[in-house]
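See below for the structure under consideration.
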Amino acid sequence: MEPENESVPEEDAGNQLMLRVERPVYDERFLRAKLLHRKEDNTTFCQRLADRFRCSSVRVKAAVLSFLPILTWLPSYPVKQYLFSDVISGLSTGVVQLPQGLAYALLAAVPPVYGLYSSFYPVLLYTLFGTSRHVSIGTFAVVSLMIGGVAVREAPEKSFVLPINGSNSSLVLNEEALNAKRVQVAVVLTTMVGIIQFVFGLLRFGFVEIYLTEPLVRGFTTAAALHVVISQLKYLLGVKTQRFSGPLSAIYSVKAVLSKVALTNVPSLLLGLVSTVFLYGIKVLNERFKKKLPVPIPGEIIVVIVSTGVSYGLLLSEKYNVDIVGEIPTGLRAPTVPDFSLVPNLIPDAFAVAIVGFSMTISLAKTFALKHGYSVDGNQELIALGLCNFMSSFFHSFAITSSMSRSLVQESTGGKTQIAGLLSSLIVLLVVLAIGFVFQPLPQTALAAIITVNLVGMFKQFRDIPSLWRTSKIELAIWLVSFKASVLLGLDYGLLASIAFAVITVMYRTQRPKSSILGHITNSGLYYDVDEYEEASEYEGIKIFHSNSSIYFANSDFYVKELKEKTGVNSEELQAARKAKRKQKEKENKQQNSPLQICAKYKDETENVTHEVVPSSNEEQGLKNGELEDKSNETTTEDAVFLEPLSSVHSIILDWTTASFIDSVGAKAIKQVMKEYALVDVRVVIAGCNRSVLAELDALQFFTEDISTDMVFPTVHDAVLHCQHFNSRPPAASDEV
């Protein structure tokens, strides 16, 4: 073989870059023997293991910087350029963090002060261990609601109802014991969430978030927003209802609230509606004039201050029975060890909260990193979140993640680093240490308004439905299943059902991939679908079959079925036709001693072969009987008759350019197909197979004497040229013997 000429880019008269390559046709046997030689690796397993665990100053430094990302940017922090922006951003985020911490504690079914704890400790820790510069860590509605559902399930109100004066006719709820138990459950759950996230980070499981596709996450968070709004209805109306958890909890909650609409507390409703309208108006103004406003208008803190003042001045709690936040202890509580006896009941919930929390953080972190030109490490984010949750749980915090609304505030107000997050946590600390008592008269209906308005953005995700309908029906199905399952089954079981459905859609896509027959574009060496492009035309006698998937146990049968349907060459039918022809010939030979005229008529490769047996005239028979002995070597023998081709297709090329793997079931299916087609004189070759798939075929002992490496080609064009060169059989529509 002559060596190939180097590819030379040239420019023609129209200044179009041209590519000209002249080389022999390559097959895999030639590539292995002459062209490709594997690099020798003399490193032993023990040497590789020792090299991996070898300690050096460079590795120690890299490990420390990876574990404490703050050390990569704090020593070179540009004070003059960044400090002022970070201070403004930190103050703006802090005034949002404070009311949200109080409000989301209600979702977690714990007293409001625990929301403040959760807005301080984790933010402080994330500054040290996190890799994102813009996300705001702390309480978040979805995660808080999931924690609240677990707390209500493990500590239901009915377990804390006590009789008055020993009489069962008068019962009272022991709120202090109830809150203590629910705090205990939330803290233990947070500890487990932290352990799971930290271990996942050490095991480099940052990739798990890819299984939470965007439609799944958006459908899930929309359902969570609906759960949150339903849970806040009783606070807006000022009525007392039982809190439900588990499947159909949303329906039970709505039913319970509607049953007590007649008992609505009018002052609570009016204050809640005014707060909601005001907050929504501020949100619209901030969005419309965000380029003109130096910082967003802090609507939440305004509502907190004004509603607290109104409640204190008008004595809403004493005179009108408006529910208020109540006691907010001053100062930080001493650390305690969680009650790990509750662990067995919380394991599934801990995994669900850990995955959702990480998914929300990494998606926001990647968005801001892409916008501002830096990178985030998913594994380090898992470690950071794990440490934040685990260590904070000893200080009475509940599980946290990043908040979309606060992160947008932190980024839009000029935040450059997590110094902004650190300052926002210090504002919360100031409230806890000094002025927490000021917010004791804060009406819970105002907090419900804050929660509800902050979910407006999530409800806008319903706009995904028409967009997905136009672009991808499968992703629309994932969105709808995620939403419906999460609404009806609850957030924990809904998340599991959504992930299971998403995995099923992946299996469906790979199990029934799109396939096509390719044709060549003249003078280009390119091959495209003949049904889609009018310029694509097939070579005579050659079928090029393309499938958009790997070949494995779930789709191997479908692959073979599509191959036979698309090419129009069914080996079983052709073999059956050959057998029928042979039997007919033998039958006629028994009845007559004279040869017969056999006409094989072919309508199309996809149709069955039909035969006509036409007896010769007596005179012709007599003549041929007299000549039989002289012409015994002519093509009237049975073998010669059946050497004629049964199909106009002599070669089939399997285009494997999109195949990324093949398993033993797929390899056996392909091997069987190649053998079946060989029996009817149709040659099957493989093209575009990458090196990893070839390695798998070698490991599966795919190549034998019958199926050798010279049937595998690096490109489709190589395979086409090979089939054209080695085909010596002319196409025939009918034969006469």
Side-chain angles (χ1 to χ4, degrees), residues 1 3-4 7 21 23-52 203-205 207 210 503 506-507 509-511 513-515 518 525 527 544-560 562-563 651-678 683-723:
M1 279 188 186
E4 70 174 33
S7 60
V21 181
R23 63 168 177 80
V25 172
Y26 291 151
D27 58 37
E28 183 60 23
R29 176 179 293 176
F30 178 84
L31 291 178
R32 295 186 180 189
K34 303 288 186 181
L35 200 63
L36 296 177
H37 303 283
R38 291 188 179 277
K39 294 181 179 180
E40 293 185 6
D41 186 6
N42 297 322
T43 307
T44 65
F45 174 75
C46 293
Q47 288 174 330
R48 290 195 296 269
L49 194 64
D51 182 65
R52 185 171 184 83
L203 296 177
R204 322 306 287 173
F205 274 20
F207 66 88
I210 64 176
V503 172
V506 174
M507 295 173 61
R509 291 185 181 190
T510 58
Q511 189 174 352
K514 180 182 178 182
S515 57
L518 304 184
Y527 294 83
I544 306 171
F545 179 73
H546 174 85
S547 180
N548 293 333
S549 176
S550 299
I551 306 169
Y552 67 113
F553 68 92
N555 69 358
S556 58
D557 290 340
F558 182 78
Y559 184 93
V560 173
E562 286 290 291
L563 170 64
S651 300
I652 294 177
I653 299 171
L654 305 181
D655 179 15
W656 282 10
T657 53
T658 58
S660 59
F661 71 92
I662 186 170
D663 67 358
S664 60
V665 177
K668 288 178 182 178
I670 298 300
K671 204 169 186 177
Q672 182 65 27
V673 164
M674 296 177 79
K675 290 180 178 179
E676 289 177 0
Y677 277 123
R683 180 178 175 84
V684 179
V685 299
I686 299 170
C689 186
N690 64 56
R691 308 311 298 178
S692 63
V693 175
L694 281 169
E696 291 173 350
L697 292 176
D698 288 332
L700 295 168
Q701 299 180 349
F702 180 81
F703 299 110
T704 59
E705 293 181 0
D706 298 329
I707 302 174
S708 59
T709 52
D710 60 2
M711 301 173 73
V712 180
F713 299 88
T715 68
V716 173
H717 201 56
D718 281 291
V720 168
L721 296 176
H722 169 83
C723 294

If you round to the nearest 0.5 Å, how far is NZ of Lys514 from CD of Glu562? 11.5 Å
Under a 4.0 Å N-O cut-off, is there an ion pair linking Glu28 with Arg691? yes
Tell me every residue that passes ring pair (Phe, Tyr, Trp, His ring centres under 6.0 Å) with Tyr527, counting only those two or more places apart in sequence or in another chain. His717
With sequence neighbours left out, write down each residue that passes ring pair (Phe, Tyr, Trp, His ring centres under 6.0 Å) with Phe703, or none if nothing qualifies. none
Of all residues at least two apart in sequence or in a different chain, which pass the ring pair (Phe, Tyr, Trp, His ring centres under 6.0 Å) check with Tyr552? Phe661
Of all residues at least two apart in sequence or in a different chain, which pass the side chain to side chain contact (heavy atoms under 4.5 Å, CB included) check with Ala687? Ile653, Val716, Ala719
Looking at residues at least two apart in the chain, or sitting in another chain, which of them share a side chain to side chain contact (heavy atoms under 4.5 Å, CB included) with Gln47? Thr43, Thr44
Name all residues meeting the side chain to side chain donor-acceptor pair (under 3.5 Å) criterion together with Ser664; count only those two or more places apart in sequence or in a different chain, and write none if there are none. none
Compare all side-chain heavy atoms of Cys723 with those of Val685 and state whether any distance is below 4.5 angstrom. yes
Atom pair CD1/CD1 of Ile670 and Ile662 - distance to nearest 0.5 Å: 6.0 Å
d(Ser549 OG, Trp656 CH2) to nearest 0.5 Å is 11.5 Å
Mind running ring-ring contact (aromatic ring centres under 6.0 Å, His included) on Tyr559 and Phe545 for me, showing each step along the way? CA-CA 10 Å; Tyr559 184 93; Phe545 179 73; 5.2 Å; yes
If the condition is side chain to side chain donor-acceptor pair (under 3.5 Å), which residues does Asp27 pass it with, not counting sequence neighbours? none
Non-neighbouring partners of Thr658 that pass side chain to side chain contact (heavy atoms under 4.5 Å, CB included), sequence neighbours left out: His546, Asn548
Looking only at atom types and distance, does a side-chain atom of Ser708 sit under 3.5 Å from a main-chain N or O of Glu705, one as donor and one as acceptor? no
Nearest 0.5 Å please: distance from the CZ atom of Phe702 over to the CG atom of Leu700. 9.5 Å
Main-chain N/O of Ser550 paired to Asn555 side chain as donor or acceptor, under 3.5 Å: yes
Go through it in stages, so that I can follow the logic: the residues are Leu563 and Ile652, the test is side-chain contact (heavy atoms from CB on, under 4.5 Å), and I'd like the CA-CA distance, side-chain angles, deciding distance and then a yes or no. CA-CA 9 Å; Leu563 170 64; Ile652 294 177; 4.0 Å; yes
Across all chains, not counting sequence neighbours, the side chain to side chain donor-acceptor pair (under 3.5 Å) partners of Thr715 are Asp718
Have Thr704 and Asp706 got a donor and an acceptor in their side chains that come within less than 3.5 Å? no
Quick test of your reading: applying salt bridge (Lys or Arg N to Asp or Glu O under 4.0 Å), list the pairs with at least one residue in residues 656-674, sequence neighbours left out, ordered by first then second residue. none
Which atoms form the tightest heavy-atom contact between Ala659 and Asn690, and what is the distance? O-ND2, 2.9 Å
Run the side-chain contact (heavy atoms from CB on, under 4.5 Å) test on Arg683 and Met674 for me, step by step, so that the C-alpha distance in whole Å, both residues' side-chain angles and the decisive distance to 0.1 Å come before the verdict. CA-CA 7 Å; Arg683 180 178 175 84; Met674 296 177 79; over 6 Å; no
Value rounded to 0.5 Å, distance of CG in Leu697 from CD1 in Ile686: 6.5 Å
Output all residues satisfying salt bridge (Lys or Arg N to Asp or Glu O under 4.0 Å) with Asp698, sequence neighbours left out; order by chain, then residue number. Arg32
What heavy-atom pair brings Leu694 and Cys689 nearest, and what distance separates the two atoms? CG-SG, 3.7 Å
Which residues pass the side chain to side chain donor-acceptor pair (under 3.5 Å) test with Glu696, not counting sequence neighbours? none
